[in-house]
Amino acid sequence: MVEVKLIGYLAPREIRAALESRGIHAPLEELMKHASFTFSISGVSRALTHQLVRHRMASYTQQSQRYVKVEDLAETAVKPKTVDGDAESLFKGVMEHIQDAYGRLLSAGVPEEDARFILPNAAPTSIIVTMTAKHLLHFFGLRCCNRAQWEIRELADRMLKLVRSVDPEAFRKAGPNCYQLGYCPEGSFSCGRMEEMREKYARLGYE
Amino acid sequence: MKLELIAHTENPELIAASAILTTCTGKTPARLVEELRRRPGKVERLLAGIPLTHGSVLEHNRLVWLVEADESEILHLILKHRFFEATQLREGLWLLSANLRTVVEFILEGGGWLRGALLESIRGVAPTIWRRLRGGG
């Protein structure tokens with residue numbers, strides 16, 4: 001089951017308060033460079049974390065498949081909603097088969113770091129992610145977008161709700177690029193649902 | 001030159017210790033944070049044991065300083081250590097921030113004009129790391 005929690009943060013409002021107590025003022029966009037948010041993310045797929053770590057201006061610590069054995073894949077693997085009906089039993093059967101083969105490799109003396117080569121993108125994982133508020137805005141711009149893949153889009157929405165809960169004003173303009181910029185930069189790939197997205201992200205986390 | 005730590009994420013060593021165990025246990029990071037919060041001795045042992053030169057677990061935090069310095073001093077700092085973030089607040093006054101890994105590497109590499117003040121600024125925030133750096137790493 002997916003779980004996303006904030007385990008550490010320094011919100012822009014906290015830096016602003018520290019400065020203002022010393023009689024100093026700084027614009028929000030400058031504070032966003034220094035503010036930082038750390039998330040505990042678990043129950044997501046390796047397919048998601050492969051996308052996540054492409055955001056290079058962030059820090060990551062991920063559960064290792066060299067040191068943590070993968071167990072019960074048929075139950076814990078992340079299954080897309082589109083995998084249903086006959087596809088679901090096929091998916092589950094493959095996961096059981098992989099789990100069985102993985103166990104046999106370990107029993108045959110193959111170390112975890114090599115047995116993991118047969119594990120699927122659906123294998124669940126845990127990861128700690130830290131980003132500055134500035135880079136979070138960039139992340140939300142790309143990953144809250146309808147063009148983003150569903151799992152990372154759902155994660156981005158959850159992260160946005162969490163940061164809005166601790167600093168509502170700093171992240172009021174956060175969301176997909178169409179919401180941040182006022183226009184869609186995706187050109188011919190645009191989903192064409194800008195109004196719907198604007199309404200969604202004006203409300204997300206504030207209700 | 002004057003440097004003052006004015007803000008930071010809560011308990012960077014707790015999060016760093018949770019990151020260490022995230023890599024090698026099946027527990028979620030959030031659960032590890034809650035468990036380790038009740039075991040400060042274990043946090044200290046974990047932080048005392050990691051190689052400081054393999055410090056990616058020290059990146060999950062942020063420290064923010066108010067620094068009085070010349071533009072040339074800050075320029076030298078951010079050119080040499082690109083993970084420091086700087087904002088000029090007014091002539092000679094800067095907002096500077098970084099994570100603990102950046103601080104540790106800066107100090108281990110010599111640290112230049114900021115070394116002493118920067119090291120002393122983390123004494124209360126990251127006491128285990130501070131002790132190790134004071135003792136040479």
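First the proteins, then the strands, lettered A, B, ... as listed; each starts at 1. These figures come from a predicted structure and were not determined experimentally.
Here CD1 of I15(A) is found 7.0 Å from OG of S97(B). Values are rounded to the nearest 0.5 Å. For the atom pair CD of E34(B) and OG of S40(A), the computed distance is 10.0 Å after rounding to the nearest 0.5 Å.
Looking at heavy atoms from C-beta onward, I15(B) lies in side-chain contact with I7(A) at the 4.5 angstrom threshold. Within the 4.5 Å cutoff, the side chain of T38(A) has no heavy atoms near those of the T9(B) side chain. Side-chain contact check for L66(B) versus I24(A): some heavy-atom pair is nearer than 4.5 Å. Between T130(A) and N99(B) there is no side-chain heavy-atom pair separated by less than 4.5 Å. Put simply, the side chain of H34(A) reaches to within 4.5 Å of the side chain of L95(B), judged on heavy atoms.
Interface residue A86(B): only backbone heavy atoms are found under 4.5 Å from chain A. When heavy atoms are compared at a cutoff of 4.5 Å, L93(B) approaches chain A solely by way of its side chain, counted from C-beta outward. Heavy atoms of S64(A) lying under 4.5 Å from chain B belong to its backbone as well as its side chain. Looking at Y60(A), the atoms closer than 4.5 Å to chain B (heavy atoms on both sides) all sit in the backbone: N, CA, C or O. Neither the backbone nor the side chain of N11(B) comes within contact range of chain A; no heavy atom of the residue lies under 4.5 Å from a heavy atom of that chain. For R101(B), no part lies near chain A; criterion is any non-hydrogen pair under 4.5 Å. The part of L31(A) that comes within reach of chain B is its side chain, from C-beta onward, which places non-hydrogen atoms under 4.5 angstrom from that chain. Contacts between S21(A) and chain B at a heavy-atom distance below 4.5 Å are absent for every atom of the residue. Contacts between V57(B) and chain A at a heavy-atom distance below 4.5 Å involve backbone atoms as well as side-chain atoms. Both the backbone and the side chain of I6(B) have a heavy atom closer than 4.5 Å to some heavy atom of chain A. Both the backbone and the side chain of K33(A) come within contact range of chain B, judged by heavy atoms closer than 4.5 Å. For chain A, no part of Q88(B) is nearby; none of its heavy atoms comes within less than 4.5 Å.
Within a 6.0 Å sphere centred on NZ of K79(A), other residues, nucleotides and ligands contribute more than 12 heavy atoms. The number of heavy-atom neighbours closer than 6.0 Å to CD of Q149(A), taken from other residues, nucleotides and ligands shown, is above 12. More than 12 heavy atoms of other shown residues, nucleotides or ligands fall within 6.0 angstrom of atom CD in E113(A). By the 6.0 Å contact criterion, NE2 on H55(A) is enclosed, its count of non-hydrogen atoms from other residues, nucleotides or ligands being greater than 12. Taking a 6.0 Å sphere around CD of E71(B), one finds it holds 12 or fewer heavy atoms contributed by other residues, nucleotides or ligands. Counting heavy-atom neighbours within 6.0 Å of H97(A) NE2, excluding the residue itself, gives a total of 12 or less. Under a cut-off of 6.0 angstrom, the local environment of OH in Y206(A) is crowded, with over 12 non-hydrogen atoms contributed by other residues, nucleotides or ligands. Counting heavy atoms of neighbouring residues, nucleotides and ligands inside a 6.0 Å radius, atom NZ of K5(A) does not exceed 12 of them.
Residue-level contacts of residues 40-50 of chain B with chain A do not occur; threshold 4.5 Å between heavy atoms.
Contact record, K27(B) with S126(A): O-OG, 4.4 Å, taken as the closest heavy-atom pair. Listed here is the closest heavy atom pair of V68(A) and C24(B): CG2-C, 3.5 Å. Annotation for S59(A) and H60(B): closest pair O-CE1, 3.5 Å, computed over non-hydrogen atoms. The two residues P29(B) and I127(A) have their closest heavy-atom pair at CG-O, 4.1 Å.
Contact count versus chain A (heavy atoms, under 4.5 Å) is highest, among E10(B), H8(B), R90(B), for H8(B). Chain B forms more heavy-atom pairs under 4.5 Å with one residue of R22(A), R66(A), E3(A) than with any other, namely R22(A).
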Q) Hey, mind stepping through T23(B) and Q62(A) against side chain to side chain contact (heavy atoms under 4.5 Å, CB included) and telling me if it holds? A) CA-CA 6 Å; T23(B) 62; Q62(A) 185 167 16; over 6 Å; no

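Q63(A) places a side-chain N or O within donor-acceptor distance of the main-chain N or O of T25(B), the cut-off being under 3.5 Å.
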